[in-house]
> 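Structure in C-alpha cells, see below.
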Amino acid sequence: MSDESVREATGTEAGYNPEAVEAKWQARWAERGTNQPDLDRAERPFYNLMMFPYPSAEGLHVGNMFAFTGSDVFGRFQRLRGHSVFEPIGFDAFGIHSENFALKVGMHPAELIPRNIANFRRQLARIGGMFDWRHELSTTDPRYYKWTQWLFLQLFKAGKAYKKAAAVNWCPTCKTVLANEQVIAGRCERCGTPVEQRTLEQWFFRITEYAERLLANLDNPALMDWSDTTATAQRNWLGRSEGAEIDFAADTGDVIRVYTTRPDTIFGATFMVLAPEHPLVDSLTTPEQRAEIDAYRATVAARDLVSRKVGERDKTGVFTGGYARNPATGEMIPIWIADYVLMEYGTGAIMAVPAHDERDLEFAHKFGLKVVPVIDDEGRLIDSRPFSGLPADEGKTAIIRWLEEQGAGTGVVRFRLHDWCISRQRYWGPPIPIIYCEEHGAVPVPEDQLPVLLPALDDFRPDDSGVSPLARHEEWYYAPCPICGRRGRRETDVSDTFLDSAWYFLRYPSTEFDDRPFDAERTRRWLPVAAYIGGNEHAVLHLLYARFITMVLHDLGMVDFDEPFRKFRAHGLIVKDGAKMSKSRGNVVVPDEYISKWGADTFRLYLMFLGPFQEGGDFRDEGISGPRRFLEKVWTLVNESVAQDAHGEIRRPVLVKWHQTKQRVTEGMESLHYNVAIAALMELVNALRDENCYERRIVEELVIMLAPFVPHFAEECWERLGHDTSVFDARWPEWDPGLTVTDQIEVAVQVGGKTRSRVRVDRDADEAAVLAVVHADETTRRFIGGKDIRKVIYVPGRLVNIVV
RNA sequence: GCCCGGGUGGCGAAAUCGGUAGACGCAUGGGACUUAAAAUCCCUUGGGGGCAACCCCGUGCGGGUUCGAAUCCCGCCCCGGGUACCA
C-alpha cells in the first residue's frame, strides 16, 4: 500500500476509520519493535505485570479485557514517563479447568490448549496491548514446566517439601484432592459437589513456616504497596491468633492440653471438650460411659469431614465419665467429647467457657452444664481471684504469665494457615519429579534429567483409585532409581496449577534461556515486579503462594528480594446492565463483537471510562457512543490543527484549563482513577472547541495523554501532527502549578452555613480584601438582614461563612 | 455470624485532610441544518414552588458533633464479594 492510500484508508479530515488505523499501527509496532524493551541494557526498567489468563475455549471475556487494558494503560503511562516497560503475557494452561473441559468435549487437552492459545493471542493482539511477544510463555510447555519441576526439587532438597498421609478434601466428581483454598463452604469450587474426606499420601510445602514473615511484610510499605482489600484478605487467611496452651490434669493421671485464645476466661471454664478422635479419649473414658462413647465415635467417623463442618449446627456430644482439674479454680470439671471440636485445629481439645463462647454456651444449655460468667459489662474480669477487676486484655497477659509460673501453660501464637498440599491425582499438570525405590525411598529425579515429560495418554480420565491416570502408563511408570539403578516407580501425582503460577513472573524476562529458570542479571534488573494488577479472587491463593515461593528462593540465595510484587492493585468487576454476566442470563459481553463494531481504541476507552478501575463498573451498550464521539472530536481537532498550523497566543482561560488538565490527568493515572482522567481530557476538548482553539502545543499534549487509552488512535494523530517516531517515545507533559489557577476566583458566601451568594475576587486577595467584597455584596446583606454577626469563617480561596 | 467493599439525578458516575453536591458521559425534551432521515451543532434536564429575582427540600434510614457533614461519630437497613463449629 502506498503512503497515499494508507492515508486515505486510515481516514481523512472527514472521518476516522478505526479498523484501518489499528491494523496499520499494529503492523508498524511489530516492524519497529516498539514494544520490545532492551532487557539487558534498559536503564529505567519497569516490569508491568498482569495476571496471565487461563486459555479457555470461550476466548477472552470482557472481564479479562478490562483487567488487561487497565494494566496496559498503566504500563503505557510509565513508558511515557521515560521508563523501559516490559509487559509480558502468557498462558496458565495446565490444570483441572483445561482437563475437565477437554473431558467434556471429548478432546485431548494437548490438542485443545494450543488452539485456545492461538485464539487468545489473536484477541490480545487485537486489543492493542503493549505486549512483548518474544517472551510469551505457556505453563504447559516442557521448556517451562521443566523449571516448575526444578522448583519442586529445590524445595524438596531444602526440606520444604514433604510427604505425609493426610486427611484431604476429596471431590468425588472431579476425582481429585483439593486444597483447602479450593473448598468453598464445603463444596468443590469448580463443580459444587460436596467434598469428602479421604486419607492419601500427599506432597506438602511448608508454607506455615513462613506464616509470620508473610504476615509481617504486609505491614512493611517499603516492600509492599498493595490494595488494602488484598492485604486484609491475606491477613485473615493467615489467621494469626495469640493465645495459650494450658494443661489440665485429669483424674486418670492424663494431661490434657488445650489451646485457647481467651486464657483470660479460664476461671469460667466449667467443662472440657475433646475431639472424638483425640488420642486420650480411650484412657479418659470410664467403663460405664464406654459403650456410649464408642457409639458416638463410630457415628462421627462414619461421617465425612465436610458434613461435620458444614452440616447442621446442632450440638451433639457424650460425657466420658472423666474429670480434670481446672488449674485456675482447682475445681474438677467434666470431660466431654463432641464433633464441634476439630482434631486439626489447636490441640484437638478445648476448655469450654460457656459464658463467653457461643458454641460452648449452646453445648452447656443442651447438656445442662454449669455457666459461670467471669467478665462484666465493662469488660473487666470478675470472680477471677487476684485477677478480678483487670480489663480482659490485661487479664489475658497476667493470666498467661501466672500459668507459665505455675508450669501449667504457655503463651503461644497460632495460624489458621495450613501447609500447602500440592499433589493432584490428575493428568494435566507437571509430573512431580520423584522416583520411588524400594531401597532408597523417595529419590529426586536428577536435575539434568528434567523435564519429566508428561506422557501422551489417550485415556487421561481420572478414576476412583485415588491414583493419577499416569499410573496406568506402564512404560512411563517404571523408571530406574537414580541412586541404584534398580527398577523404581515414578511419582504419579502432578503438581497443583498454583505452583505453575507461583513463579511465572520470574520466568518471563528469561524465556530464551534453556539452561536456567531465570537469569541472574535479568532478574536483578527487572524484579521485583514494579506493578502487578489482577483480580482479588487471587488475593489469598496465587498471591500468597507466589510470595512464599519467592521467600524460599530468597532464602536459598537465588533471588535477592523476598517480596515479588512491589505494587499490587486489584481491579473491580464488570457487570452488564446492573447484573452479573452469565450465560444463563444471556448478558455476556463478547469483546470481539464490540471491537469489530467500534474498534479496539473506543472499546478500551469505554472500559476505562465506565467506572473507577479498582471498583469496576456497569457495561451498557448505549454508553460506548460517548467515548467514540469524543475521539471523533479529537480527530477533527488534530486535523484542523495541522491544517491551520495553529501557533500563537493562548487565552488565559484555555491556558489554565490546559494546565489543570495535565495535573488532573497525571493524578488520575497515578492513582488508577482512569475514569476521572478521561473526564478531564473530555473537558479540555470541550474547552478547546468552545474557544475555537487549535493550538499545536496543546493538541500534541492532548494526544500524548490520550495515548495510554487509545494507542493506535494516538499514534495516527501523532503522525499526522508531523512526527516520524512513536508517540510512546514522547514525554508525558509537565504542568506549571502557577497556571492551574485563574486570575479571578469565585468565593462562596454562606450565611449560617447555607450558601447564599458568590463573589468574584482576585486570586491572591487576602482575607480583608475578600471580606470587603463580601460585605459590599447585595445578596449577602439581604440575608444578614439586621442581625448581629457573631463570627466570620474564611476558608482561603473557597468560601466565607457568616454566622449570625 | 464474622471480615472487606459499596449505597449520590432517569442511568454510569464526580466531589471524601468536613468547605459552592451532581464534573464527565449516556439517555431525555426542545431548537438549528435537511425535501426527509441519519450524522452534526445549540439549549434544557435532582425534586417541589414562583411571572420573576429567587425560595424550600435533597447524597440508604434514625440520631449526634460542627459555623458548616455525601465526607466524622453512634445505632440501624439494603446490595456485592470473601469466609465460617479455627476454640
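Naming: A, B, ... by sequence-line order, numbering from 1 per chain. Atom set for the values below is all heavy atoms of this structure, side chains included, hydrogens, waters and symmetry mates excluded. This is a predicted model, so every value here is computed, not measured.
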> So, is A:N801 close to the B:U20 phosphate, meaning a side-chain N or O under 4.0 Å from OP1 or OP2?
no

> Looking only at non-hydrogen atoms, find the nearest pair between A:G70 and A:Y674 and report the distance.
O-OH, 2.8 Å

> Given a 3.5 Å cut-off on both pairing distances, which stems involving RNA chain B, each at least three consecutive Watson-Crick or G-U pairs, are present, if any?
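Expected stems, ordered by start: B:1-7 with B:77-83, B:10-12 with B:24-26, B:29-32 with B:40-43, B:46-49 with B:54-57, B:60-64 with B:72-76.
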
> Crowded around A:D393 CG? As in, over 12 foreign heavy atoms under 6.0 Å?
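Atom CG in A:D393 is packed in, count exceeds 12.
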
> Please pick, from B:C85, B:C86, B:C24, the nucleotide with the shortest atom-to-atom distance to any side-chain atom of A:K315.
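Of the options given, the side chain of A:K315 lies nearest B:C85.
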
> More 5' along RNA chain B: A:D690 or A:N686, using each one's nearest nucleotide?
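Mapping each residue to its closest nucleotide by heavy atoms, the 5'-most match is A:N686.
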
> Considering just the side-chain nitrogens and oxygens of A:R689, establish if one lies under 4.0 Å of OP1 or OP2 belonging to B:C41.
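Checking B:C41 against A:R689, a side-chain N or O does come within under 4.0 Å of OP1 or OP2.
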
> Please determine if a side-chain N or O atom of A:Y259 lies less than 4.0 Å away from the OP1 or OP2 oxygen of B:A87.
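Answer no for this pair, as no side-chain N or O of A:Y259 is under 4.0 Å from OP1 or OP2.
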
> Could you check A:N675 against A:R790 and say which one's nearest nucleotide on RNA chain B is further toward the 5' end?
A:N675

> Would you say A:Q660's side chain and A:T740's backbone share a donor-acceptor pair under 3.5 angstrom?
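Yes, A:Q660 side chain to A:T740 backbone: donor-acceptor pair under 3.5 Å.
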
> Side chain of A:E622 only, heavy atoms from C-beta on: which candidate in B:A23, B:C26, B:C4 is closest?
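Of B:A23, B:C26, B:C4, B:C26 is nearest to the side chain of A:E622.
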
> If you check every side-chain atom of A:R629, which of B:C24, B:A15, B:U40 has the closest atom?
B:U40

> Report, as yes or no, whether the 6.0 Å neighbourhood of atom CD1 on A:I624 holds more than 12 heavy atoms from other residues, nucleotides or ligands.
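Enclosed: over 12 neighbouring heavy atoms sit under 6.0 Å from CD1 of A:I624.
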
> Any side-chain N or O of A:R756 less than 4.0 Å from the OP1 or OP2 oxygen of B:C56?
yes

> Among the nucleotides B:A13, B:C86, B:G25, which one has an atom lying closest to any side-chain atom of A:M682?
B:G25

> Identify which nucleotide among B:C85, B:C3, B:A27 has an atom closest to any side-chain atom of A:T232, counting heavy atoms from C-beta outward.
B:C3

> Of the listed nucleotides (B:A87, B:C41, B:A27), which one gets closest to any side-chain atom of A:L342?
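Side chain of A:L342 sits closest to B:A87.
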
> Could you check, using the six-membered ring where one of them is a Trp, whether A:Y606 and A:W598 have ring centers closer than 6.0 angstrom?
no

